[in-house]
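Notes follow the structure.
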There are 2 protein chains.
Amino acid sequence: MIERIHLKLVKAVQEHGSLTAAAKELFVTQSALSHTVRKLEDNLGTKIWLREGRNLRLTQAGNYLINIANRVLPLLEHAEDKLKQISHGERGTLRIGMECHPCYQWLLKIVSPFLHSWPDVDVDVKQKFQFGGVGALLDYEIDLLVTPDPFYKAGLSFEPVFDYEQVLVLPKDHTLAKRKYLQAADLRDLTLLTYPVATDRLDIYTQFLNPAGVNPKKHKTSETTEIMLQMVACNRGVAAMPRWLAEEYSQKLPLSVLRLGRAGIAKQIFLGTRTNDGEIQYLDAFVEMARNYKLSSK
Amino acid sequence: MIERIHLKLVKAVQEHGSLTAAAKELFVTQSALSHTVRKLEDNLGTKIWLREGRNLRLTQAGNYLINIANRVLPLLEHAEDKLKQISHGERGTLRIGMECHPCYQWLLKIVSPFLHSWPDVDVDVKQKFQFGGVGALLDYEIDLLVTPDPFYKAGLSFEPVFDYEQVLVLPKDHTLAKRKYLQAADLRDLTLLTYPVATDRLDIYTQFLNPAGVNPKKHKTSETTEIMLQMVACNRGVAAMPRWLAEEYSQKLPLSVLRLGRAGIAKQIFLGTRTNDGEIQYLDAFVEMARNYKLSSK
DNA sequence: GTATCAATGATAGAGCGAATCCATCTAAAG
DNA sequence: CTTTAGATGGATTCGCTCTATCATTGATAC
């Protein structure tokens, strides 16, 4: 009943003093406004203006309408601005899913410059998914998946953005620390520290221990890399993680880093997106920044 | 661009889950909504929903629209409610102008029950007018004028609502207090206390002193009745006011009340309104209540 | 005063465009 | 295979806006 045009009309008359002037402002004829006013007044059952000669004087109802106009119109105009930004991919929330515990450190290095380049885009990071990272991506819970395990599927695209080697971290003075590389059997007498995820998602099991049919003496878990490595430094066990991460910490803690197997375990981080999100500029930009970071860090 | 119907549409789809259900809610066909959605999405340049089979999933833009809808729609609906009340004369602000200082006491006795009967009507009392009370009425500064001096003019109507006698108040033990009535000459040796208005608007001058060519010994003013009568009680002067008001105070203060002249000064309070405000129910109601109060107090 | 002119709002009628409807199609889910 | 939901095309109708004109008012000059 009260439409946007009515609010604009009331406001324009208020600002320009007459129907005729308001008509010019709104790019219609005075006649159109006159008709519109009459219809609105009929609908509301009350005059909006008192006609006094060539003057219009606001009634109480008119005054009330002005108030509404001043509250509603800016809201709508602002909304249109924002929606335009969203449509141009300049604004929104980039929801990132993480399926790779240690990648968090790496992610932070991309997120921070990204937030600077895209001040109108928020970043949200999620780590728990009921139906896995790919499910979350397909269900639009997230817009970007950071994972070491690409799962090619129609509608999704994965791109490797970071190569790294999965290594074992042990205390600096450990007897094994002088070796060139480790063999699976070496872990038989060690306590293994990992992030708290199923063993079939831990590369050290799937690519190293399981093939050799070896189990560590003990398996403990820790949520955080920091604590995990503190424990390693204190001789409470060994941990597997990306080399770049291990080497970062080994500057602060007494740690040694060893290759897993003669050839080492090569890994990649992939970024997964929905293919039909192609027009979201900030998403492309994020992937691009991740790609470039890989290059610059080599 | 974003119209009310769009907000209602988005909200209805949100609440009912599908375009078809929303169409039923909005009393249009599914086809109409489908067309509307397409046009809106084209205009905004962004999808509002992602079509997934027969499901609609809100996009970020859609989510934003829902927020806007939840803020704007209630505002508009509430506004329509209020405007309907205003159009029925059930809501508004009754702006009362006072041209008669002592009438304030009388007015309060009407206003208080009025506010109870009309909980959605506010009352505003003004006492200063650049172009007089009648001017304020004509200029829509006020809706009701309380005055002892009706000024009949096209577009205005005045109705007497209260008869009273203007009397003189003196200290209880004053030598003149035993008289039946006063003559103008009696005031020659007295200090006269009045409200701070021009003497040609004071009945004691226009109807009593001036005709006899008499002036009081001294003339002082006071804004408030209370203070004025305290001064009278303390022998600092005498004051003219309505008999009913004087008698109310003479129960608390040692005061005498005397007629002015043998016949006394008869006065009336009038309520002035604009004739074309006839359809404002609460205005009529107020005048009616004032009329009844006169009767009940006799 | 009064005659005239400019400016504003109201109104009638015509025309056109947009919103809606109906019918039908396509796709997905059970 | 049926049911259900959304998309689409074309016809129709409704209503908005326009043009043209009138009425009223306020200003100005005589």
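Picking from C:dC21, C:dT8, C:dA10 the nucleotide with the shortest atom distance to the side chain of A:R51 gives C:dA10.
Of the possible polar contacts, one joining the A:T29 side chain to the A:A32 backbone as a donor-acceptor pair under 3.5 Å is found. For A:S34 (side chain) and A:Q30 (main-chain N/O), no donor-acceptor pair under 3.5 Å exists by modelled atom type. Side-chain N or O atoms of B:H78 include none that pairs as donor or acceptor with a backbone N or O of B:P74 at under 3.5 Å.
Atom-to-atom, NE2 of B:H16 to C1' of D:dG6 comes out at 18 Å; the value is rounded to the nearest Å. Atom CD1 in A:I48 sits roughly 15 Å away from atom C1' in C:dG9 (whole-Å rounding). Rounded to an integer number of Å, the gap from B:L56 CG to D:dG6 C1' is 8 Å. In this structure, A:L26 places its CG atom 16 Å from C1' of D:dC18, rounding to the nearest Å. Remark: P of C:dG9 and CH2 of A:W49 are 10 Å apart, rounded to the nearest angstrom. Whole-Å rounding puts the B:H6 NE2 to C:dT20 C1' distance at 14 Å. Rounded to whole Å, the distance from NZ on B:K24 to P on C:dC21 is 14 Å. Whole-Å rounding puts the B:K8 NZ to C:dA19 P distance at 16 Å.
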Practice prompt. Begin from the C-alpha positions of B:Q60 and A:D143 and carry the test side chain to side chain contact (heavy atoms under 4.5 Å, CB included) through to its verdict.
Written response: CA-CA 11 Å; B:Q60 290 190 8; A:D143 306 307; 4.0 Å; yes
Item to complete: Starting from the C-alpha separation in whole Å, work towards a yes-or-no answer on salt bridge (Lys or Arg N to Asp or Glu O under 4.0 Å) for B:E288 and B:R291.
Response: CA-CA 5 Å; B:E288 176 72 17; B:R291 222 184 279 128; 2.5 Å; yes
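At a non-hydrogen distance threshold of 4.0 Å, B:S31, B:S34, B:H35, B:R38 from residues 31-43 of chain B come into contact with DNA chain D.
With respect to the salt-bridge test (charged N to carboxylate O, under 4.0 angstrom), the residues A:E77 and A:K11 do not qualify. Look at A:R4 and A:E80 and you find a salt bridge, because one of the NZ, NE, NH1 or NH2 atoms lies within 4.0 Å of a carboxylate O, short of that distance.
Of the residues near DNA chain C, A:N55 and B:F27, the one whose nearest nucleotide (by heavy atom distance) lies more toward the 5' end is A:N55.
Taking only distance into account, the side chain of B:Q30 meets the base of D:dA7 through a donor-acceptor pair shorter than 3.5 Å.
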